[in-house]
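Each chain gets a letter, A, B and so on, in the order its sequence line appears, and its residues count up from 1. Values below: all heavy atoms of this structure, side chains included; hydrogens, waters and symmetry mates excluded.
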Amino acid sequence: MYKQIQLATHSEINQALSFNTYIFLLLASSVVMTYQAMENNFEAVAFFVFCALIRSLYWLQSDFRLNQLFTYLIYAVSCFLISTKFVSSGILNGLFSLLICLQALTIIKLRHFRELKTLVWVHLFLTAASLLFYLQIQHAVLLLISAILALACLLAHFLAGEHFKQVLNQMLKLVLIALPIGIVLFLVMPKLPPLWKMPKVQSQTRGLQDELSLGDLAALSQSSNLAFRASFKDKAPEINQLYWRSFTLQHFDGTTWRRNRYMESWQAVAEKKRQGLKWNNLQDTDFFEYQIITEASFQHWLFGLDLATSHQIGVLSLPDFGLYAAEPLTKRFQYSAKSYVIKNLPEYDTVNIDKLNLQLPSHKNPKTAEWVLNLQQNSNSDDDFINKVLTHFNQQAFYYSLKPQQLTYPLIDDFMFNTRTGFCEHYASAFTYIMRLAGIPARVVVGYLGGEYNPAGDYYSVYQFDAHAWSEIWQAGKGWQRVDPTLYVAPQRIGVNLQHAVGNDEFLAEGDFSLIKYDQFVAVKTARMLLANLDYQWTRWVLNYDTKTQKNFLKQLFGDTNNMWQSIILIALFFILFAMISFFSWWLFRAKNSRSEIIKLQDLALNKLNTHYGLAKETQQTPTQLLAIMSSEDTELISRWQRISLLIEEIRFSELTEPAIKIKLKQLKVLIKNL
Amino acid sequence: MDKQCQQIIKKISQVVIGKEEQVRLALACLLAKGHLLIEDLPGMGKTTLSHTLASAVGMSYNRVQFTSDLLPADIIGVSIFKADTHEFKFHPGPIFSQLLLADEINRASPKTQSALLEAMAENQVSVDGTTYPLESPFFVIATQNPQFQSGTYPLPESQLDRFLMRISLGFPPHQAELSMLKRQTQIDLSDYNCISYEELATLQAKVESIYASDEVLNYILALVNLSRESRDFPLSLSPRASLAILAAAKAWAYIDGAEYVTPDHVQAIFLAVTEHRLSPSFVESGSTDSLSVKLLNSVDPTQI
């Protein structure tokens with residue numbers, strides 16, 4: 001009794017492509033090509049659009065033929081596009097460009113099923129490739145739709161002659177059946193390591209850079225992109241203690257802070273030999289445990305609270321207390337870390353402290369040097385001196401701003417005595433420089449401060465505008481201590497967040513559109529938090545579902561040990577699942593014809609009439625004829641039954657369109673319900 | 001009910017009093033382009049009905065009283081040798097009219113009966129090797145006496161099958177007969193004309209275009225098949241019978257004012273269309289031993 005999808009025969013497969021097929025192909029392509037255009041393949045995508053437009057002319061004019069010369073021209077253009085892309089953007093973008101151009105050339109020659117098949121397969125490949133760059137849930141959903149549309153394009157070819165909506169309908173049913181199978185496969189299929197690595201493209205690095213000039217972080221603060229997300233296991237520190245350390249900068253040339261050779265050698269060891277530092281004797285102290293999911297930054301820097309350690313493979317500790325990834329973060333990366341709360345951090349390599357952290361640029365800042373000398377003479381100890389410097393920042397007219405004025409050389413002098421306006425890196429650099437002038441080993445630490453708590457998902461989102469720089473000084477016997485001069489200038493930055501510190505007008509003033517700016521509207525904030533949480537859970541449970549989590553999941557599901565009974569249960573479960581899917585597909589594809597429905601309704605009505613009113617129908621009687629046996633007093637029943645029998649008659653015997661029948665069936669249902 | 005048809009029925013009922021059902025069936029038969037057989041005892045108004053019907057729909061008609069010595073040539077016509085032109089000239093018989101009223105058809109010899117029925121089936125007659133087409137459309141309204149009466153030749157099954165319907169009139173109800181008796185004036189049938197012959201043709205076309213859904217066709221087939229499968233029926237309904245049921249049901253639906261055929265319409269005409277096909281000997285229509293009633297009662301129209 002149920003309708004099967006009528007598949008085309010062999011000869012029909014080779015027939016001309018239907019218009020539906022073409023529309024589905026264009027719809028599917030439009031999604032993927034938009035993604036490719038965003039991935040720097042704009043020229044190739046434009047070429048594809050051009051070719052698709054030319055192909056569309058066939059539908060307008062059936063006798064449309066391409067000029068031979070024009071065809072050669074198109075080949076030449078595509079060759080040119082591909083080769084320039086290879087030269088200008090390297091192998092990866094070049095390959096994508098090649099694929100898109102081939103798609104374009106195929107679509108212009110699209111005649112037969114063979115070409116259509118090629119187009120769809122390459123389309124699916126491009127869809128998967130786009131997922132490498134766009135991991136967020138909304139992109140995943142869009143690309144899934146694109147893939148479904150591409151498959152619908154094949155289906156439309158096999159269902160030639162069917163209406164567009166019917167094809168879509170059939171496709172959705174197929175997707176509904178495929179979805180549970182897909183989920184099961186996702187959960188139980190072995191996760192293979194990637195066959196190739198995403199090549200690192202230098203220009204693509206996002207977030208913090210491994211050198212810091214004055215104004216860098218202020219520029220980064222215009223970005224509302226996510227940097228990473230962290231969820232704490234049991235308890236979380238106060239928000240003003242969330243100093244997410246990324247790395248330290250020790251070499252200052254008067255303009256820019258950089259990593260020094262010593263740290264770079266550690267980095268090299270970490271990358272090549274995958275060896276880092278082991279911190280010992282940390283067990284007794286208080287600690288926090290947390291999970292971090294970074295965004296793809298294409299860099300090695302990880303984030304952690306002091307003093308962060310991790311047992312995860314590929315996550316290494318460096319002597320400057322930072323965590324470092326052995327592989328660049330080409331995609332979202334999840335790791336767990338444990339931070340021990342130690343106020344004074346021990347130095348690993350005490351021998352080199354002075355050499356590394358007292359370095360001064362050859363470029364002098366005479367005014368500052370003189371001021372430091374004066375202040376030092378009036379101080380009775382290092383601690384007194386440090387306090388006096390910080391008090392100076394606090395008492396004098398120093399301003400915290402996202403848009404500091406351009407400084408003139410010597411920079412520190414200009415900042416300290418002229419502009420007195422700066423972002424965190426200005427204060428961190430100036431303070432570190434002053435410390436070094438005074439002979440106290442100091443360095444700049446770069447990372448993020450704070451984060452936005454998402455109560456629904458119980459995690460913190462740290463954005464690029466949370467980027468922060470602070471100082472660290474070393475004193476004999478005390479070790480490394482964090483000093484954040486920004487705290488003395490703009491306490492709201494540390495206590496609340498950047499938006500509070502700089503005000504809504506300046507916050508994200510030059511960045512791209514971001515919903516965060518509109519947080520004063522409760523609905524916007526709620527919606528934004530909700531979407532963010534959705535993406536977080538997606539990342540946590542889907543994107544980061546790897547071999548380890550899979551193992552844990554299966555363990556939870558089927559227990560630890562393997563015995564026969566469990567295998568049997570497993571097999572039985574598979575059978576049940578298979579049966580359920582089969583039943584589900586039967587249910588979806590069963591013939592939902594109005595005929596069987598009206599017969600059912602009719603029986604229901606007759607039954608009701610029999611049980612409620614004792615009016616039994618004789619074999620040969622039609623519903624209309626039952627009116628004759630109803631008592632003439634019961635006008636209510638008679639009028640109701642008149643309407644019912646008329647509707648039954650109309651639905652069964654009159655010439656009605658499907659939609660009209662559906663409407664009448666609905667009316668009939670209501671009438672019978674009230675009978 | 002369709003207004004035009006209502007008017008016709010009303011007019012005829014003024015003459016044939018108290019037999020509205022039969023009048024309606026007769027009209028349906030006409031609209032379905034079928035030949036009609038009226039069977040009843042003498043004096044029940046068979047001839048009156050057929051004459052009134054013919055004049056109501058504006059048909060030119062010839063009446064032939066069938067007797068045992070009636071020859072085929074008396075109906076069809078004869079070729080007579082003309083001395084002046086030295087050739088035979090065909091003189092068409094009464095069959096060459098739009099409507100032939102064959103009174104007491106079962107009084108004629110089988111030879112004559114079959115000549116008429118052949119003409120009914122083929123819509124043409126052949127005389128001396130020449131074929132003459134009949135009027136188109138061409139109708140026969142035949143009346144016959146019940147077959148147990150003396151001096152009758154019962155029509156064979158094959159010939160009964162040619163008639164779309166067989167109806168019987170029965171005694172008029174008391175009131176009807178009373179008003180008939182009270183009526184003194186002679187009836188002039190020309191007063192009872194309602195529609196022209198052309199209008200009849202349009203009506204017939206409309207009837208043909210009445211919609212019959214698959215379900216109602218299945219209902220007809222279920223009825224017909226039962227007569228073929230069940231042992232209770234010595235004669236089964238032929239495909240021609242199925243066509244007849246459908247055509248008659250359509251006509252009935254049209255008269256009813258409906259746009260589509262329902263099982264009610266099928267049931268309404270079923271006895272008239274099938275009784276003479278299932279049991280050729282005279283059975284009072286609708287009686288309990290009627291095979292057609294048995295058939296109707298065995299099929300549930302809601303379960304097809």
*Residue by residue, scan residues 249-261 of chain B and write down, ordered by number, those that have a heavy-atom distance under 4.5 Å to chain A; if none do, write 'none'.*
B:Tyr260, B:Val261
*Just wondering, are more than 12 heavy atoms of other shown residues or ligands nearer than 6.0 Å to CZ in B:Phe171?*
no
*Using the side chain to side chain donor-acceptor pair (under 3.5 Å) rule, take B:Asp300 and A:Gln621 through it: C-alpha gap first, then chi angles, then the decisive distance, then the call.*
CA-CA 7 Å; B:Asp300 187 348; A:Gln621 279 175 321; over 6 Å; no
*Sequence-distant partners of A:Tyr613, ring-ring contact (aromatic ring centres under 6.0 Å, His included), two or more places apart*: none
*Any chance the side chains of A:Gln625 and B:Gln267 put a donor and an acceptor closer than 3.5 Å?*
yes
_Suppose a student defines contact as a heavy atom less than 4.5 Å from any heavy atom of chain A. Which residues in residues 212-229 of chain B would they list?_
B:Ser213, B:Glu215, B:Val216
*Close side-chain approach of A:Glu649 to B:Asp264, heavy-atom, < 4.5 Å*: yes
*Can you name the nearest heavy-atom pair linking A:Thr619 to B:Pro301, along with the distance?*
O-CD, 3.2 Å
*Within a strict 4.5 Å, meaning less than it, do heavy atoms of the A:Leu606 and B:Thr302 side chains meet?*
yes
*Taking atom types as modelled and ignoring hydrogens, do the side chains of A:Glu618 and B:Asn297 form a donor-acceptor contact shorter than 3.5 angstrom?*
no
_Segment of A:Glu650 engaging chain B (4.5 angstrom heavy-atom cut-off)_ = both
*CZ of B:Arg240: more than 12 outside heavy atoms within 6.0 angstrom?*
yes
*Members of residues 574-583 of chain A whose heavy atoms come closer than 4.5 Å to chain B*: none
_What I'd like to find out is whether the side chain of A:Gln620 reaches to under 4.5 Å of the side chain of B:Val299, using heavy atoms alone._
no
*asked:* Surrounding CD of B:Glu20 (heavy atoms of other residues, nucleotides or ligands, distance under 6.0 Å), is the total greater than 12?
replied: no
*Portion of A:Ile648 that has a non-hydrogen atom of chain B nearer than 4.5 angstrom*: neither
